[in-house]
Structure formats: C-alpha cells, structure tokens
There are 2 protein chains.
Amino acid sequence: MQRTSFENMNCPIARSLDRVGEWWSILILRDAFYGLTRFDEFQKSLNIAPNMLSRRLAGLVEEGLLEKRPYQDKPLRHEYFLTERGRDFRPVMLALLAWGNRHFAPEGEAVIVTERATGERVEPVLVDRASGRPVTDEALFETAPGPAADETTRARFTRRDAKRETLSTS
Amino acid sequence: MQRTSFENMNCPIARSLDRVGEWWSILILRDAFYGLTRFDEFQKSLNIAPNMLSRRLAGLVEEGLLEKRPYQDKPLRHEYFLTERGRDFRPVMLALLAWGNRHFAPEGEAVIVTERATGERVEPVLVDRASGRPVTDEALFETAPGPAADETTRARFTRRDAKRETLSTS
DNA sequence: CAGTATCCTGTCCGATACTG
DNA sequence: CAGTATCGGACAGGATACTG
C-alpha cells in the first residue's frame with residue numbers, strides 16, 4: 001500500500017485507490033456484498049490462492065473496510081463483515097458494474113441491478129442529491145478545488161481552466 | 001491485462017477491473033477528465049516514469065478508453081482524448097472521489113463537485129434513473145443474475161440467497 | 001475448515017539514458 | 001517536446017505443503 005506519490009496524495013481518488021487498488025481487493029468486496037463472510041467461501045468463489053486471500057483480507061481489515069468477528073475459539077476463527085466504510089463503497093462497485101455492462105458485455109449482461117419488489121431491471125445513474133440532475137453532465141457540473149486543496153491540486157485546476165480558455169477563444 | 005481468471009470473467013466488475021485495474025490507469029483518466037491531452041502534461045501532473053506512462057497510455061488506447069489524434073508529423077506526435085467509453089467511466093471516478101472524501105480526508109476535502117452556475121458544492125448519489133431512489137438502499141434494490149449469466153455467476157447468487165434464508169429463519 | 005509458511009514467477013513500476 | 005530502450009527492484013500473485 002501507500003503507493004500514492006507525493007504529487008497525488010492530496011487527491012481523494014488517489015487515496016481511494018490506495019485502499020482498494022489491488023486487483024483482488026475489489027472482487028473480495030464484491031463477494032462481501034454478496035454476503036460471503038468466511039475464508040473458504042471467498043476462496044471458492046474467487047479461486048484465489050489462500051495466502052493471497054489471507055493478505056488481502058488482512059489489508060482490507062487494516063484499511064477499515066472489513067471487520068473480523070470471531071465465531072469460535074480453539075482454534076480462533078473469524079468471519080469477515082463489511083464495515084460502514086466498506087458498505088459505502090457500494091456506489092463505486094455499482095458504477096463499475098454498470099460501466100462493465102455497457103461496454104464489455106457484447107453477449108449480454110451477466111449481472112444486473114433490480115428492484116426487489118418487482119424484480120424489474122434498474123439503471124443506476126449518478127445524480128446531484130439536491131436537484132436530481134446527472135452530475136455527469138459537464139455543462140452543469142464540474143470538479144473544483146475544495147477547502148483542503150494543496151498547491152498541487154490547485155495547480156491542476158489552474159491548468160485545466162487555462163486550457164479551457166484557449167479552447168474557447170481559438 | 002487479462003488477469004481475470006476463468007471463474008470471474010463472466011462478472012462485469014471483473015471485466016471492468018481488467019481494463020482499469022492497474023494503479024496508474026485511473027489517475028491518467030482522472031487527468032484526462034481534467035482536460036490533459038499531451039504526454040508531458042500527464043507526466044508532470046502525475047510524476048510518472050515516461051516508460052510507464054507510455055505503456056499505460058498505449059493500454060488505455062488499446063482498451064478503447066483513449067484515442068490518439070496526431071497533431072503534427074515529423075516527428076509524428078499525438079494527443080490523447082477520452083473516447084465515449086472513457087467518458088462513460090466518469091461515474092466510477094466521481095463515486096471514487098466521493099468515497100475518498102467521505103472516508104479518507106480528515107483534514108477536509110481537497111476536490112469537490114460543484115454546480116457550474118452557482119459554484120455550489122454538490123453531493124453525488126447513485127439512484128435508479130426511473131424512480132430516483134438510491135440504489136444503495138438494500139431494502140429496495142439488489143443485484144441479480146442477468147440474461148448472460150453463466151453457471152459460476154448463477155451459483156454466486158444461489159449461495160447468497162441460501163445464506164439470506166438461513167439468516168432470516170434463525 | 002481456516003488459515004499460515006515457503007518458494008517461485010511475472011510484471012508493475014521507477015530511474016536513467018537516448019533520439020528526432 | 002514526445003516519446004523509446006534498458007536495467008533493476010519490489011511485490012502482487014500463484015502453487016503447494018502443512019497445522020489445529
């Protein structure tokens with residue numbers, strides 16, 4: 001972990017990636033959302049080497065995404081549950097899912113999101129909570145430096161705006 | 001690429017990760033969303049080794065997330081632009097951003113999403129497009145096997161539902 | 001069943017030097 | 001400026017054996 005170089009450590013995206021950037025982490029979380037809790041459940045589902053699973057689970061626990069709960073002594077054994085921080089990762093997972101469905105599933109969708117009551121297929125969109133308008137609409141929304149932005153982050157936006165400027169005047 | 005093992009290759013999340021799973025890929029996309037297009041712009045912003053940048057850019061082009069456009073001959077030089085597939089990645093980025101802000105920014109938020117007209121801070125939420133209700137509400141929505149689900153995928157859901165069953169009856 | 005302990009390999013990634 | 005070429009190291013990840 002802590003791959004984030006100095007230039008990027010102020011960026012929330014880089015920080016997130018620092019926690020879940022490794023290949024297996026997100027798939028383990030996926031299975032945690034599916035309700036898996038035990039070592040061998042994860043192992044069978046993922047077909048991952050046991051030492052790797054052990055390492056990744058420990059990592060996710062350390063980052064506060066999963067929490068270990070003992071369910072027996074002698075020998076001590078645990079189940080792994082999503083913490084609040086882990087559950088909050090859900091939008092990322094579902095966005096990833098939607099993106100994969102849209103672009104990498106020529107044969108059709110293998111996993112979909114549905115409404116429980118009706119079983120009806122549902123399409124997840126990212127919107128502004130207050131107004132309900134899609135935040136992906138670049139005419140309406142943009143990213144901007146926040147209160148804790150450091151110099152590097154600010155510079156990034158300065159460059160962006162300068163570039164926009166030249167585009168609109170040329 | 002193509003790290004996805006057989007067990008997972010039917011999963012849309014795994015497929016997505018196959019495209020953007022490497023550490024730098026997502027940060028390069030981040031900068032592409034910030035409007036960067038040239039090699040050295042990326043390099044300065046990210047502080048990445050040139051060979052790595054070269055490889056990752058080539059990878060993203062190959063996966064159809066970026067597209068190269070020549071802007072001079074002799075020597076031939078390109079700019080890199082987001083394709084539609086790349087732009088569609090935005091919800092994932094913003095979800096990652098929101099998650100990072102919420103959980104890994106004790107000193108405050110460094111990057112925020114704002115409404116362009118007002119400059120007002122905005123909170124992105126993932127909702128069902130039709131009803132506007134948050135898809136993260138597990139009481140209302142769930143994931144389910146889709147039309148292209150294979151045996152492995154189906155089994156995953158069968159196990160999930162079986163586990164839910166035992167939880168509710170115990 | 002739930003892991004730990006070892007060993008090995010691939011490759012991601014960094015540093016640096018070079019070119020038109 | 002926009003890359004390519006090479007070298008090396010660290011570590012993610014795989015295979016396997018072992019334990020209570």
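We name chains A, B, ... by the order of the sequence lines, and we start the count at 1 in each one.
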* salt bridge (Lys or Arg N to Asp or Glu O under 4.0 Å) contacts in which one or both residues fall within residues 85-98 of chain A, not counting sequence neighbours -> A/Asp88-B/Arg102
* To do: Take the protein atom CD of A/Glu22 and the nucleotide atom C1' of C/dC12, then report the distance between them rounded to whole Å.
  => 12 Å
* A/Gln43 side chain near A/Pro50 side chain, heavy-atom distance below 4.5 Å -> yes
* salt bridge (Lys or Arg N to Asp or Glu O under 4.0 Å) partners for A/Glu123, two or more places apart -> B/Arg129
* Which residues share a ring-ring contact (aromatic ring centres under 6.0 Å, His included) with A/Phe104, sequence neighbours left out -> A/Trp99
* Is there a donor on the side chain of A/Asn51 or the base of D/dT16 sitting less than 3.5 Å from an acceptor on the other? -> no
* Please list, chain by chain and in numerical order, all residues satisfying ring-ring contact (aromatic ring centres under 6.0 Å, His included) with B/Phe157, sequence neighbours excluded. => A/Tyr34
Give me, pair by pair, the N or O atoms of the protein and of nucleotides 18-20 of chain D that are less than 3.5 Å apart, along with how far apart they are.
none

* Does B/Trp24 place a side-chain N or O at less than 4.0 Å from the phosphate oxygens OP1/OP2 of C/dT11? -> no
* Within this structure, what is the CG-to-C1' distance between A/Asp18 and D/dA12, rounded to whole angstrom? -> 15 Å
* Asked: Given D/dA12, is OP1 or OP2 found less than 4.0 Å from the side-chain N or O atoms of B/Trp23?
  -> no
* Asked: What salt bridge (Lys or Arg N to Asp or Glu O under 4.0 Å) pairs are there with at least one residue in residues 32-53 of chain A, not counting sequence neighbours?
  -> A/Arg38-A/Glu79, A/Asp40-A/Lys44, A/Glu41-B/Lys163
* Asked: Does B/Tyr71 place a side-chain N or O at less than 4.0 Å from the phosphate oxygens OP1/OP2 of D/dA2?
  -> yes
* Qualifying residues under salt bridge (Lys or Arg N to Asp or Glu O under 4.0 Å), relative to A/Arg77, sequence neighbours excluded -> none
* A/Ser54 vs C/dT4: side-chain N/O to OP1/OP2 distance below 4.0 Å -> yes
* May I ask you to list the residues sharing a hydrophobic cluster with B/Val125, side-chain cutoff 4.5 Å, ordered by chain and number? => A/Val125, A/Val127, B/Val127
* Spacing of A/Leu53 atom CG relative to D/dG14 atom P, expressed in whole Å -> 11 Å
* Rounded interatomic separation in angstrom, taking CD1 from B/Ile28 and P from D/dG3 -> 12 Å
* Asked: Any sub-3.5 Å donor-acceptor pair from B/Asp150's side-chain atoms to B/Asn10's backbone N or O?
  -> no
* **Integer-rounded Å distance: C/dG3 P and A/Leu66 CG** => 12 Å
* Mind checking ring-ring contact (aromatic ring centres under 6.0 Å, His included) for B/Phe81 and listing every partner two or more places apart, or none if nothing turns up? => none
* **d(CG, B/Leu76; C1', D/dC1) in whole Å** => 14 Å
* Neighbours of DNA chain D within residues 36-43 of chain A, by heavy-atom distance under 4.0 Å -> none
* When the nearest nucleotide of DNA chain D is assigned to B/Lys44 and to B/Pro50 on a heavy-atom basis, which residue is associated with the more 5' position? -> B/Lys44
* To do: State which residues pass side chain to side chain contact (heavy atoms under 4.5 Å, CB included) with B/Ser131; sequence neighbours excluded, sorted by chain then number.
  => B/Asp128, B/Arg133, B/Phe141
* Determine whether A/Arg30 and B/Asn8 make a side-chain contact, defined as any pair of heavy atoms from C-beta on separated by less than 4.5 Å. => yes
* Asked: Roughly how many Å is it from CE in B/Met52 to P in D/dC7, rounded to a whole number?
  -> 18 Å
* Structure fact -> For DNA chain C, the dot-bracket notation using Watson-Crick and G-U wobble pairs below 3.5 Å, [ ] for pseudoknot-type crossings and | for other-strand pairs, is |||||||||||||||||||.
* Asked: B/Arg55 has an atom CZ; how far is it from atom P of C/dG14, in whole Å?
  -> 10 Å
